[in-house]
Enquirer: 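For reference, the structure I am asking about is given below.
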There are 2 protein chains.
Amino acid sequence: MKGKATSFDIAHYAGVSQSTVSRALRNSPLVNEETRRRVHEVAKQLNYKVDKNASNLRTQQSSTLALLLFEDPTSDESQINPFFLAMLGSITRACAKEGYDLLVSFQSSSSDWQADYEDSHRADGLILLGYGDYLDYQPKFKTLIDQHTKFVCWGASVDNRPDLTVSCDNYGGGKLAAEHLLATGRTDCAFIGDASDHSPEFFARYQGFKDAFLAKGVALNERKMANAISTEESGYHATRSLIANNIRFNSLFAASDLIAIGAIRALKEAKIKVPDDVHVVGFDNIAVASFVNPPLTTVQQDTTLAGQMLVDNLLKLIRGEDVKNTLLPPRLIIRGSSV
Amino acid sequence: MKGKATSFDIAHYAGVSQSTVSRALRNSPLVNEETRRRVHEVAKQLNYKVDKNASNLRTQQSSTLALLLFEDPTSDESQINPFFLAMLGSITRACAKEGYDLLVSFQSSSSDWQADYEDSHRADGLILLGYGDYLDYQPKFKTLIDQHTKFVCWGASVDNRPDLTVSCDNYGGGKLAAEHLLATGRTDCAFIGDASDHSPEFFARYQGFKDAFLAKGVALNERKMANAISTEESGYHATRSLIANNIRFNSLFAASDLIAIGAIRALKEAKIKVPDDVHVVGFDNIAVASFVNPPLTTVQQDTTLAGQMLVDNLLKLIRGEDVKNTLLPPRLIIRGSSV
DNA sequence: TGATATTATGACACCGGTGTCAGATTAGGA
DNA sequence: TCCTAATCTGACACCGGTGTCATAATATCA
């Protein structure tokens, strides 16, 4: 046998027509039990596998989803945000569970990442994942919608289509962090992140945080804020600049764990003790969080559930079913950095 | 325009035949420059994308590689070894660079992971990645070879086909670790890992380590070894059992960073100070390593290069070119856990 | 001007399945 | 025994491209 076996080969050996082979292998009720058995038998012997290209071509669907991970262009090429890596793991598993394959692709946010996966019938739908400047993305989202591309999005809200977004309740998560700091009596708080509409996720975290403070009659000092993207480096520099400007605080809320870890490094360097002098709370609960010193108090996003929801919603979209706006509950994980 | 545009639509609007469209879009020298331009023009307007299924079906290749990540079944479902996540990142990038798509799939090592990707023409070749008991895999490797499946493997050596393996020089890495500990004067060393042929990577690390000690006339004490798989938990328990058995040592070499991190936890718990009482060296240089307390001295595997080599070798294999056995140089990263 | 080479294009088979339709065979009922 | 229904199977068109071959149109040269 040279080359791979085709359904015609099976047909030949099983003494039936190719049509029957196709039906038998898909367990169509139309074929006789005995025939079905024989066909399966031969197929197994010849190690036959359906040619997905042919099958997909005919049925016009691919049983494949594509994950586009777009990263902040300023972040280091070699280091991928561990939070997304965790998401990737759960998405992969969720896909497998649903019988879908997963194409993975990293995109720099500048490039033409509406990519051709769906248009070229490589994938039935897209999952978009990434931090970064969402204003850049809105026009691309629009293009996708115009082209009727099926996609879901982590975190980023898509104008007029909240059903396309799966997100952690960032606002609620920010509140959790605030209430925790308030409970420990640390009301003089700094915020490191990006409280603009360029990063809606960070912004929502900040809003929730601020509102929880306001509810207790404590106003956040706008000066005690510094911008940072979600990298350790960025968190480090932002915090250093606060310290350099002689800004004082006894607690710090970072918009992500990576930022928090960078912040802790800056604090340590300035001989400011965590948690004694400053309580630190992060966001994400990446794997590293429990290993840093001190272990990081953080708001957990349930990546397993998130991956599952992304896949579920996308499949519903593909099947034309109704999809609801999806918000996942955050959970506070208290560790040494804040007690 | 209902549905996606096909090459016939382009042909219609450009006033040429479908054949010419196909040629023009692939920039065949056979088509007239003016025609080519017009066809591209129309294609762009209709947002036409080549149907990969049709194209792949005809050309009998997919421009896709599949990454099969098989994990130790005992490891926690939700936590993926960060080392592999890093590899995944670099493999993805390497694929993109070569113009290949990447299918990602997690396999539990028990399942039928010779998977159908290649047989079903979903992928042109496989990349296998995973820790675990390699004896389990050998028969599966054999099946793959028998079926002429193109694949490469990280770490695991495939009998008689060393060209199919890309690996870090684990033996050399073990030596690096040993020489470092010897240089710091800590010759009474424990080893946590698996020094059997069930995990050839760990075994090689141990061998290199042992040989370097022997070269200095120091023999390792066989009793100061404990088995562990590559998880924090496992490293923790293995180290605890050594301590519980009253086994003393002033340095410790862990077969992987995760194990080392678990070991440090066990040591701390037993009030044994790192690095004062015990120097610890790990292997992998996962992202966490620099954040633990104390920062972990470790042997770095260059994941970027590794991913690139895996992809390069696999593509060579697919193209029928000659592939050499590939061994990547390790590098010692000295941090606080051993000085 | 006629013969030949060159260039550009269209017609058509083909890749390997899936779905439809028609027809053969057997069973069931009168 | 004949007719209709139920069951099973094969022939065939089709999905949307790619590659081969034939041929028309134009250029080249004697």
Side-chain angles (χ1 to χ4, degrees), chain A residues 1-40 42-43 46-64 116-124, chain B residues 1-40 42-43 46-64 116-124:
Chain A
M1 171 70 57
K2 64 301 221 146
K4 309 234 185 266
T6 73
S7 54
F8 281 94
D9 298 322
I10 315 280
H12 177 75
Y13 287 106
V16 294
S17 77
Q18 183 270 336
S19 306
T20 302
V21 170
S22 175
R23 277 188 291 255
L25 291 177
R26 281 172 299 138
N27 296 319
S28 157
L30 289 178
V31 316
N32 182 286
E33 173 58 24
E34 153 65 13
T35 316
R36 200 187 63 76
R37 235 194 14 72
R38 198 166 70 249
V39 169
H40 271 96
V42 177
L46 298 189
N47 192 42
Y48 169 81
K49 297 284 154 47
V50 175
D51 184 316
K52 288 280 190 182
N53 288 316
S55 172
N56 291 343
L57 173 58
R58 181 64 228 242
T59 58
Q60 298 292 25
Q61 43 126 347
S62 62
S63 292
T64 300
D116 315 325
Y117 287 119
E118 207 244 4
D119 292 324
S120 64
H121 293 276
R122 292 302 315 260
D124 297 332
Chain B
M1 172 69 56
K2 64 301 223 147
K4 311 235 184 264
T6 73
S7 53
F8 281 94
D9 297 323
I10 316 280
H12 176 77
Y13 286 107
V16 294
S17 76
Q18 182 272 336
S19 307
T20 302
V21 171
S22 174
R23 278 189 290 256
L25 291 177
R26 280 171 301 136
N27 296 319
S28 157
L30 289 177
V31 315
N32 181 287
E33 173 57 23
E34 154 64 12
T35 316
R36 200 187 62 76
R37 233 192 19 69
R38 199 167 69 249
V39 168
H40 272 96
V42 176
L46 298 190
N47 192 42
Y48 169 81
K49 297 284 154 46
V50 175
D51 185 317
K52 287 280 188 181
N53 289 314
S55 170
N56 291 344
L57 172 59
R58 181 65 228 244
T59 58
Q60 299 290 30
Q61 42 126 346
S62 62
S63 292
T64 301
D116 315 325
Y117 288 118
E118 208 245 3
D119 293 323
S120 64
H121 293 275
R122 292 302 314 260
D124 297 334

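These figures come from a predicted structure and were not determined experimentally. Letters A, B, ... mirror the listed sequences (proteins, then strands); counts begin at 1.
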Enquirer: Quick one: does A:N56's side chain have a donor or acceptor within less than 3.5 Å of a partner on A:N53's backbone?
Expert: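 Judged by distance alone, no pair lies under 3.5 Å.
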
Enquirer: Is the closest side-chain heavy-atom distance between B:D9 and B:Y48 below 4.5 Å?
Expert: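 In short, these two side chains do not touch, never coming nearer than 4.5 Å.
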
Enquirer: A:S62 and A:D124: side-chain donor and acceptor closer than 3.5 Å?
Expert: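 Yes - a donor-acceptor pair under 3.5 Å links their side chains.
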
Enquirer: Looking only at non-hydrogen atoms, find the nearest pair between A:V39 and A:A14 and report the distance.
Expert: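 So the two residues come closest at CG2-CB, 4.2 Å.
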
Enquirer: Please list, by residue number, the residues of residues 50-62 of chain A whose heavy atoms come closer than 4.0 Å to an atom of DNA chain D; answer none if no residue qualifies.
Expert: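 Within this stretch, A:L57, A:R58, A:Q60 sit under 4.0 Å of the strand.
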
Enquirer: Should B:V21 and B:V16 count as side-chain neighbours, where that means a heavy-atom distance under 4.5 Å?
Expert: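 The answer is yes, as the side chains (C-beta and beyond) meet within the 4.5 Å cut-off.
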
Enquirer: Less than 4.5 Å apart, any side-chain heavy atom of A:Q60 and any of A:H121?
Expert: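 Yes, their side chains come closer than 4.5 Å.
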
Enquirer: Identify, with sequence neighbours excluded, every residue that meets side-chain contact (heavy atoms from CB on, under 4.5 Å) alongside B:V31.
Expert: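 Once residues adjacent in sequence are excluded, the partners of B:V31 under the side-chain contact (heavy atoms from CB on, under 4.5 Å) criterion are B:T20, B:R23, B:A24, B:R36.
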
Enquirer: What are the bounds, 5' to 3', of the part of DNA chain C that sits under 4.0 Å from heavy atoms of chain B?
Expert: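 Taking any atom under 4.0 Å from a heavy atom of chain B, the span is C:dA8 to C:dG16.
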
Enquirer: Counting only non-hydrogen atoms, which of residues 20-35 of chain A are less than 4.0 Å from DNA chain D?
Expert: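 Those residues whose heavy atoms fall under 4.0 Å from DNA chain D, taken from residues 20-35 of chain A in numerical order, are A:T20, A:R23, A:L30, A:V31, A:N32, A:T35.
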
Enquirer: Quick one: on DNA chain C, does B:H121 or B:Q18 contact a more 5' nucleotide (nearest heavy atom)?
Expert: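 The residue mapped nearer the 5' terminus is B:Q18.
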
Enquirer: With sequence neighbours excluded, tell me which residues meet salt bridge (charged side-chain N to carboxylate O under 4.0 Å, His left out) with A:R38.
Expert: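 For A:R38 the salt bridge (charged side-chain N to carboxylate O under 4.0 Å, His left out) partners, ignoring immediate neighbours, are A:E34.
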
Enquirer: What's the shortest heavy-atom distance between B:A11 and B:S17, and which atoms?
Expert: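 Heavy atoms of B:A11 and B:S17 come nearest at CB-C, 3.7 Å.
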
Enquirer: What residues form a side-chain hydrogen bond (donor to acceptor under 3.5 Å, both in side chains) with B:S22, not counting sequence neighbours?
Expert: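 B:S22: side-chain hydrogen bond (donor to acceptor under 3.5 Å, both in side chains) contacts with B:R26.
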
Enquirer: May I ask you to say what A:S19 touches in the nucleic acid, namely base, sugar-phosphate or nothing, with a heavy-atom cut-off under 4.0 Å?
Expert: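 The answer is base, as A:S19 lies within the cut-off (heavy atoms under 4.0 Å) of a base atom.
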
